[in-house]
J.: 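One structure follows; several queries about it will come next.
So that the names make sense, note that chain A is the first sequence line, chain B the second, and so on, each numbered from 1.
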Number of protein chains: 2
Amino acid sequence: MANLKQLAQSLGLSITTVSRALDGYADVSAATRERVREAADKVGYRPNASARRLRRQRAELVAVTLPSDPGHIGPPHFLDMLSGCAEHLAAAGLNLVIAPVPRCESELDICRRFVDGRRVDAMLLVRTKRKDERVEFLQSRGIPFVTNGRTESLLPHPYIDGDGFAGFRAATLRFHAAGHRRIGHIAGPQEYYFAHDRCRGWRAAMEECGLATDLCAEGAPLEQGGYLAALELLRQPSRPTALVCATDEMAIGALRALREVDGGNQISIVGHDDLPMGAFTSPPLSTMRMTGENLGASFASLLLRAIAGEPAEELQELHAIEFVDRDSHRRPAKAA
Amino acid sequence: MANLKQLAQSLGLSITTVSRALDGYADVSAATRERVREAADKVGYRPNASARRLRRQRAELVAVTLPSDPGHIGPPHFLDMLSGCAEHLAAAGLNLVIAPVPRCESELDICRRFVDGRRVDAMLLVRTKRKDERVEFLQSRGIPFVTNGRTESLLPHPYIDGDGFAGFRAATLRFHAAGHRRIGHIAGPQEYYFAHDRCRGWRAAMEECGLATDLCAEGAPLEQGGYLAALELLRQPSRPTALVCATDEMAIGALRALREVDGGNQISIVGHDDLPMGAFTSPPLSTMRMTGENLGASFASLLLRAIAGEPAEELQELHAIEFVDRDSHRRPAKAA
DNA sequence: AAGATTCTCCAAAACGTTTTGGGAGTCAAG
DNA sequence: CTTGACTCCCAAAACGTTTTGGAGAATCTT
């Protein structure tokens, strides 16, 4: 309700003094400072955010772009992550705005709007592509940002990512150790870094074991994509006995395909993301997930450090992937 | 990069004219308007958001508060809803900021911070309680807001809600028509409007049918809460043969309880929310969901109309609840 | 030809902060 | 008495827009 001028007037002080008193500067006597603070408390004074932002040349805002394709938004914990991130940003006086991408615009347009209108101090990018134009743009503008997922950008940039390569390699080797020899991969769209990374992990393991890498099918990172890709692999003359799937959603689609095919329930399968519903599929879906707790806080911390100017190299977190042992990966190797 | 002053200087025009040209006022000649627009396009001029907000006395922001208790954030479609809402708000020049509530603060504190700092033009409230202090506060401040869920506030306020009363009444009657007589209710915390509303619906149906309303147990709106509440009902001397659960999460907990009890798999059950994982439980969980598509757009529209000053009475949407027929509600009435 | 009207444009005043660059006092030291 | 240091305060200048209230020139009316 009240602004600085009114508050100052009612106290018989100058705007300057009131402002500095509230900010705790030392050049205001302790007595006045206390008097000002009490008065401010009493009238419930809060500085006008827009005015402060204008003067300070800070937006006090961070934006996160949300891909609008339904189902592309990421696992359910995504909202928890955002919530955690926003909470930690708020402690530093920053708010998190969500910026969904309308169908008619590109993610780049959104970035441009936010950056060039000086609406944000930093950005959070999700679902990075190997070659991500948003990253290039933000780098060229010199605006701080953190990505959820790596890219193949030449310049380093801050990110948090799971080590999909290692995770999928390990999962594949696990199948190999269990006696599987025909291990298929259901891959996500390869322009996404995570999908490519996971595919590489599977491929590396296969090559290490001296196995052919032709049992690979790509699909949209959705239930339907996994379903179609699985059908494709099941049509092969020599079927896979195990499937490593890029995401849980695809794995669930693959499970549906397996149910429709003779002996499909004898095929092992593993996904990635640890979707809650995976616990209820039949068989319960073994999966993988990124380690680390309170990811949101990590993102917030990286963002704040990026804003503070820390070099990108020090703001990169690669998290190990852990295996979540349910049941779907335990089918015998020799069946099918 | 550029601001109005520089742009004006480079064109040999005044700031005023450039500003008005870009806003399309009629008092700049079509020729100059075009010239200005081209120049602005070329240098990629975007008005500084903070400056505009200060001058216009609008924050161009809407905040949504997220309860921080994990699991309380609502069904997975919640993020889709937010995303849709943000998208439609963006079309009107408003951005959506998410405001999670840290453990040490109340939702009211958050509202206060946003409202008194003039950080937002409106607020979106979720998980309303029957007596909701946030609603009272916002009403007293006269700031526009829309709630997801009704309240028992005396003054009307804009909301979108599902007709839980009718939905739960209908579901209960459906069980009655199928021959069930001992129909239990697993209720959510009654301080929440939705939980109370659904409970009333069950109770009304029971009374209409002349049945006792003692088979009711309350729990936290989580899997564990449903599990414990179900165990409580199953301990009764005469067990329910059907369960109407306030939420799917609770229903899934109840399913776990049923599995642990002899003959539990003969008990019918229905939930509410249409969680994706409900399709994978065994048996697949019959459920209910609010009708209406693109809820986010509806919220955005109500928010905009509230900001425009439309009276609250015209900004209330009560959506019907539809039944989602899977399998879990089809157990015979005479078993158990 | 004088007055009214219309077209274009602009100077200056906001909006509410934060920050710069002092300006009065007071006190102690030189 | 002067000087310097220190304490406490303040006027004024930003920050970049939008909007108000004209001003000057051209065109139309009478």
Side-chain angles (χ1 to χ4, degrees), chain A residues 1-37 39-40 43-61 93-95 113-121, chain B residues 1-37 39-40 43-61 93-95 113-121:
Chain A
M1 221 67 264
N3 61 20
L4 220 40
K5 199 200 284 195
Q6 291 160 17
L7 189 56
Q9 222 147 23
S10 81
L11 284 164
L13 288 170
S14 76
I15 293 183
T16 311
T17 304
V18 175
S19 171
R20 314 210 93 204
L22 293 173
D23 277 4
Y25 279 71
D27 66 355
V28 185
S29 74
T32 346
R33 195 159 49 215
E34 218 25 64
R35 194 161 67 95
V36 170
R37 287 210 169 133
V43 302
Y45 168 78
R46 304 270 173 157
N48 179 302
S50 303
R52 202 218 340 258
R53 302 206 249 243
L54 173 60
R55 171 63 226 217
R56 284 234 187 112
Q57 298 286 74
R58 302 246 206 86
E60 298 181 355
L61 248 37
L94 294 176
N95 287 121
R113 192 206 314 284
F114 274 98
V115 170
D116 289 344
R118 274 163 230 75
R119 294 164 176 279
V120 293
D121 298 321
Chain B
M1 219 68 264
N3 60 20
L4 219 40
K5 200 200 283 192
Q6 292 161 15
L7 190 55
Q9 222 148 22
S10 81
L11 283 163
L13 289 170
S14 77
I15 292 183
T16 310
T17 305
V18 175
S19 171
R20 312 211 94 205
L22 292 174
D23 277 4
Y25 280 72
D27 67 355
V28 291
S29 72
T32 353
R33 195 159 49 214
E34 218 25 64
R35 195 161 65 95
V36 170
R37 287 209 169 135
V43 302
Y45 167 78
R46 304 271 174 157
N48 179 302
S50 303
R52 202 217 339 257
R53 303 206 249 242
L54 173 59
R55 171 63 227 219
R56 285 232 188 114
Q57 297 285 75
R58 302 248 206 85
E60 298 181 355
L61 248 37
L94 295 176
N95 285 121
R113 192 207 313 283
F114 274 97
V115 170
D116 289 344
R118 274 165 231 72
R119 293 164 175 281
V120 294
D121 298 320

J.: About how many Å separate CG of Asn3(A) and CD of Gln9(A), when rounded to the nearest 0.5 Å?
T.: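 Rounded to the nearest 0.5 Å, the CD-CG separation comes out at 9.0 Å.
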J.: In this structure, how many angstroms lie between the P atom of dC10(C) and the CG atom of Leu4(B), rounded?
T.: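 So the CG-P distance, Leu4(B) to dC10(C), works out to 12 Å.
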J.: Is Thr32(B) touching bases, backbone alone, or none of the nucleic acid, heavy atoms closer than 4.0 Å?
T.: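 Sugar-phosphate, backbone atoms only, no base.
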J.: Is there side-chain contact between Val43(B) and Gln6(B), with at least one heavy-atom pair below 4.5 Å?
T.: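 Heavy-atom side-chain distance check fails, nothing below 4.5 Å.
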J.: Both Gln57(B) and Thr16(B) contact DNA chain C. Taking the nearest nucleotide for each, which residue is further toward the 5' end?
T.: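 The 5'-side residue here is Thr16(B).
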J.: Please give me the minimum heavy-atom distance between Arg118(B) and Ala59(B), naming the atom from each residue.
T.: O-CB, 3.8 Å
J.: Please work out if Ser29(A) contacts a base, only the sugar-phosphate, or nothing of the nucleic acid, heavy-atom cut-off 4.0 Å.
T.: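 Result for Ser29(A) = sugar-phosphate.
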J.: How many angstroms lie between atom CZ of Arg119(A) and atom CD of Glu60(B), to the nearest 0.5 angstrom?
T.: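 So the CZ of Arg119(A) and the CD of Glu60(B) are separated by 5.5 Å.
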J.: Just call it for Ile15(B): base, sugar-phosphate, or nothing, with non-hydrogen atoms closer than 4.0 Å on any strand.
T.: base
J.: Yes or no on side chain to side chain contact (heavy atoms under 4.5 Å, CB included) for Val36(B) and Leu11(B), after CA distance, side-chain angles and deciding distance?
T.: CA-CA 8 Å; Val36(B) 170; Leu11(B) 283 163; 4.0 Å; yes
J.: Please figure out whether Tyr25(B) or Leu13(A) has its closest DNA chain D nucleotide nearer the 5' end.
T.: Leu13(A)
J.: Whole-Å distance between dA24(C) C1' and Asp27(A) CG?
T.: 14 Å
J.: Could you pick out which residue, Ser14(B) or Arg55(B), lies toward the 5' side of DNA chain C when each is mapped onto its nearest nucleotide?
T.: Ser14(B)
J.: Considering residues at least two apart in sequence or located in another chain, which fulfil the side chain to side chain contact (heavy atoms under 4.5 Å, CB included) criterion with Arg33(B)?
T.: Ala21(B), Val28(B), Ala30(B), Arg37(B)
J.: For chain B and DNA chain D, what are the first and last nucleotides along the strand, 5' to 3', with at least one atom under 4.0 angstrom from a heavy atom of the protein chain?
T.: dG16(D) to dT20(D)
